[in-house]
Every structure is written in C-alpha cells, then in structure tokens.
Undergrad: 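Sharing a structure with you now.
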Amino acid sequence: MFSLKGKHALVTGGGRGIGRSIARGLLEQGAHVTIAGRTRDTLERACKELTNQYGGRMDWQICDVRDCESTAAMMRRVEESGEGLDILVNNAALHMAEPIESMDMERARVILDTNIMGLYGICRAALPMLKAGGRGKIINLTSIMGSQGRKGIGVYSATKAAISQITRVMAIEWAAYGIQVNGIAPGMIATDFTAAVQADDALSGYFRTRAPLGRLGTPDDCAACAAFLACDENSFMTGAIVTVDGGISIQV
C-alpha cells in the first residue's frame, strides 16, 4: 500500500525543511522526485544526500516561483523529459514576521507574490501535463495560521488562508480532469524556518504545552501525510485541508 512506483513528483521548495522531508517520503515510496528551488547548492546537496541514503531517482530544477518565465521554463524542461507529471507538491513559501503597521508594501508584495501567485502560476503551468495523464495529485502546503489569528504574521496568514481557498476551488474545477487537490496545514514544525521560535524557551514551551500531543511537529510528520495524499489508494479525497499540528487548533 502507498507505493508510488512509476510516478513522477515535483516538489517546490524541496531543498530543505518540510519540502525536503516530503521529497524524501515520496522517494522512499518509489517515486521519481524532482525538487525545485532558487539555490543550486541546496538542491544539489539534497539530491546527493537523499539518494545516497535512500536510493531511487531524484533530480532538481532551478525555479523562482515569483517569476512566470522561470516557472514556464522549468515546466518545459520537465515536459521535455518525457515522463509527464503525476504529483505536484507546492511547498515553496516566504515568511516575514512583522506587524501589519510596520510592514511596507514592497515586503508585503514579495510574500504575496511568492506564496499566492507563485503557487497559482505553478499549478496553471503544470495543468497540461496533469491533464494529459488523465489523473494527478496536487498537494498545497497551507498552515493553521490561515484560519487563526496571531499578531505579527498578518500578511503570511492571509496568504495561507488564500491557499486553502484556492485548494478547495481548484479541487472542484479540476475534478473533471481526474485531478485531486488537497492541502496540508502544519502547525508549529521544527525546521530552520521556525528556528527563532525554537530558540525561545517560553514560546516553544507554549506550543508544546498547547499541543495535546505535547511536542513540536517534525517535517517527517508532514511527509507521511503527503505520501498518503499522493498515493493511488487515496482516490476519493479532494478539497480537504489536513491539519498536522498535534491538536493545537482543535482547542478553544
């Protein structure tokens, strides 16, 4: 069960953190995994380390999701490989913790362009290949902060709320093509993305205490969820946002 042999998966932001763990999880299940990102050294290192440890086939593509031409060029290279595309994981994102009052328009626009328009552009560019296969899986990384309020992350939270809604609407519109679209909403996950929170004993302690499971999440927690969402056995689930947060968001 959950074998992904013969599948080709593309993971944006796949060189580190949650994206890298998802790429590893798909690789372990037998998928050919392509990771995409902006930094060549990070991508090359991830490919080398993961294939040395787990075997399988993995490669990388340079792509800045904010740049439509960069996205289109990457998709052309993927298409020219002749393997098609079965699984798309949209993980690339940018986070700047700053109050709405002090965040200027340019910084806000960079977050919006990366998190919302970047995901939108990748999905649109991948659609022809997914349609050609007659089926496919899209997995969008959102966040529990897309449905909860917390000071200092207004713009980031807005982008994650938008991603959740795009996921639902895309699931409805693209079901006719045999494409399932689901989301993963992580809570506090221990990555370099959240290093400042982890270094703050009071704040990290708050999240551990708040979570019924009593710990921070790990990238592997998200990877396990992604592997399930990507597999053929998951054939009747679409438009869902799966929360991976240790139970934080179910509490009042």
Undergrad: Per the ring-ring contact (aromatic ring centres under 6.0 Å, His included) rule, what does the pair list look like for residues 225-250, sequence neighbours excluded?
TA: Phe2-Phe228
Undergrad: If a pair satisfies salt bridge (charged side-chain N to carboxylate O under 4.0 Å, His left out) and one of its residues is in residues 111-138, list it, with sequence neighbours excluded.
TA: Arg135-Asp232
Undergrad: What is the minimum heavy-atom distance between Val78 and Ser81, and which atoms define it?
TA: O-OG, 2.5 Å
Undergrad: Checking side chain to side chain contact (heavy atoms under 4.5 Å, CB included) for the pair Leu216/Ile189: CA distance, chi angles, key distance, verdict?
TA: CA-CA 6 Å; Leu216 302 184; Ile189 306 296; over 6 Å; no
Undergrad: Could you state whether Ile166 and Leu88 fall into the same hydrophobic cluster, counting links through intermediate Ile, Leu, Val, Met, Phe, Trp or Tyr residues with side-chain heavy atoms under 4.5 angstrom apart?
TA: yes
Undergrad: Can you tell if the side chain of Thr71 reaches within under 4.5 Å of the side chain of Cys63, non-hydrogen atoms only?
TA: yes
Undergrad: What pairs of residues pass the ring-ring contact (aromatic ring centres under 6.0 Å, His included) test when at least one of them lies in residues 126-153, not counting sequence neighbours?
TA: none
Undergrad: Considering non-hydrogen atoms only, spot the tightest contact between Gly13 and Asn91 and give its length.
TA: O-ND2, 2.9 Å
Undergrad: Report the distance from atom CD1 of Ile122 to atom SG of Cys68, rounding to the nearest 0.5 Å.
TA: 9.5 Å
Undergrad: Please check if Leu229 and Ile35 belong to a single hydrophobic cluster, counting links between Ile, Leu, Val, Met, Phe, Trp and Tyr side chain heavy atoms closer than 4.5 Å.
TA: yes
Undergrad: Hey, are the side chains of Ser3 and Gln29 touching, using non-hydrogen atoms and a 4.5 Å cut-off?
TA: no
Undergrad: Once salt bridge (charged side-chain N to carboxylate O under 4.0 Å, His left out) is applied, what residue pairs with a partner in residues 68-89 remain, sequence neighbours excluded?
TA: Arg57-Glu83
Undergrad: Are side-chain heavy atoms of Leu119 and Val65 found at a separation under 4.5 Å?
TA: no
Undergrad: Out of curiosity, Arg45 CZ to Thr42 OG1, how far, rounded to the nearest 0.5 Å?
TA: 5.0 Å
Undergrad: When hydrophobic residues are tied together by side-chain contacts of less than 4.5 Å, even through go-betweens, does Leu43 share a cluster with Leu94?
TA: no
Undergrad: ring-ring contact (aromatic ring centres under 6.0 Å, His included) with His32: which residues, sequence neighbours excluded?
TA: His8
Undergrad: Show your working on side chain to side chain contact (heavy atoms under 4.5 Å, CB included) between Ile138 and Gln180 and close with a plain yes or no.
TA: CA-CA 6 Å; Ile138 297 177; Gln180 293 167 254; over 6 Å; no
Undergrad: Keeping to residues at least two apart or across chains, list the ring-ring contact (aromatic ring centres under 6.0 Å, His included) pairs with something in residues 40-84.
TA: none
Undergrad: Do the side chains of Thr34 and Asp59 get nearer than 4.5 Å, heavy atoms only?
TA: yes
Undergrad: Do Leu26 and Ile179 share a hydrophobic cluster (ILVMFWY, side-chain heavy atoms under 4.5 Å, transitive)?
TA: no
Undergrad: Does Arg16 have more than 12 heavy atoms from other residues, nucleotides or ligands lying within 6.0 Å of its CZ?
TA: no
Undergrad: Not counting sequence neighbours, which residues clear salt bridge (charged side-chain N to carboxylate O under 4.0 Å, His left out) with Arg20? List them please.
TA: Glu49
Undergrad: With distance as the sole test, does Asp221 use its side chain to make a donor-acceptor pair with the main-chain N or O of Gly217 at under 3.5 Å?
TA: no
Undergrad: If you round to the nearest 0.5 Å, how far is NZ of Lys160 from CD1 of Ile153?
TA: 11.0 Å
Undergrad: Start with the C-alpha gap between Thr114 and Met117, add the side-chain angles, then the distance that decides, and say whether side chain to side chain contact (heavy atoms under 4.5 Å, CB included) holds.
TA: CA-CA 6 Å; Thr114 302; Met117 298 309 297; over 6 Å; no
Undergrad: Would you list the pairs meeting side-chain hydrogen bond (donor to acceptor under 3.5 Å, both in side chains) in which at least one residue belongs to residues 243-252, sequence neighbours left out?
TA: Asp245-Ser249
Undergrad: Measure the shortest side-chain to side-chain distance between Val181 and Asn140 over non-hydrogen atoms and say whether it is less than 4.5 angstrom.
TA: yes
Undergrad: Just by distance, do the side chain of Ser157 and the backbone of Met145 share a donor-acceptor pair under 3.5 Å?
TA: yes
Undergrad: For Ala162 and Ile116, which heavy atoms make the closest approach, and how far apart are they?
TA: CB-CD1, 3.7 Å
Undergrad: I need the Ile62 CD1 to Thr39 OG1 distance, nearest 0.5 Å.
TA: 7.0 Å
Undergrad: If you draw a 6.0 Å radius around CD1 in Ile100, do more than 12 non-hydrogen atoms from other residues or ligands fall strictly inside?
TA: no
Undergrad: Determine whether Ile184 and Thr142 satisfy the following criterion, side chain to side chain contact (heavy atoms under 4.5 Å, CB included), listing intermediate values before the conclusion.
TA: CA-CA 6 Å; Ile184 299 175; Thr142 177; over 6 Å; no
Undergrad: Listing request: all ring-ring contact (aromatic ring centres under 6.0 Å, His included) pairs with a residue in residues 78-109, at least two apart in sequence or in separate chains.
TA: His95-Tyr156, His95-Phe193
Undergrad: In this structure, would Ile111 and Ile18 fall into the same cluster of hydrophobic residues linked by side-chain contacts under 4.5 Å?
TA: no
Undergrad: Could you list all the salt bridge (charged side-chain N to carboxylate O under 4.0 Å, His left out) pairs where at least one residue sits in residues 175-185, not counting sequence neighbours?
TA: none
Undergrad: Kindly compute the distance separating CE (Met188) from CZ (Arg208), expressed to the nearest 0.5 Å.
TA: 10.5 Å
Undergrad: Please collect all salt bridge (charged side-chain N to carboxylate O under 4.0 Å, His left out) contacts where either partner lies in residues 98-111, sequence neighbours excluded, each pair once.
TA: Glu98-Arg107, Asp104-Arg107, Glu106-Arg109
Undergrad: Where is the tightest heavy-atom contact between Gly15 and Ala46, given as atom of each residue plus distance?
TA: O-CB, 3.7 Å
Undergrad: Under a 3.5 Å distance rule, please check whether Ser70 uses its side chain to pair with a backbone N or O of Arg66 as donor and acceptor.
TA: no
Undergrad: So, do Leu10 and Met75 sit near enough that their side-chain heavy atoms are less than 4.5 Å apart?
TA: yes
Undergrad: Quick one: closest heavy-atom pair of Ser204 and Asp201, and the distance?
TA: OG-O, 3.4 Å
Undergrad: CZ of Arg38: more than 12 outside heavy atoms within 6.0 angstrom?
TA: no
Undergrad: Mind listing the closest non-hydrogen atom pair of Ala161 and Gly146 along with its distance?
TA: CB-O, 3.2 Å
Undergrad: Between Asn182 and Ala240 (side chain of the first, backbone of the second, donor and acceptor by atom type, cut-off under 3.5 Å), is there such a pair?
TA: yes
Undergrad: Measure the SG-CD1 distance between Cys225 and Ile22 for me, rounded to the nearest 0.5 Å.
TA: 8.5 Å
Undergrad: Table please: side-chain donor-acceptor pairs of residues 168-176 below 3.5 Å, with sequence neighbours left out.
TA:
unit_1	atom_1	unit_2	atom_2	d
Arg168	NH1	Gln165	OE1	3.1

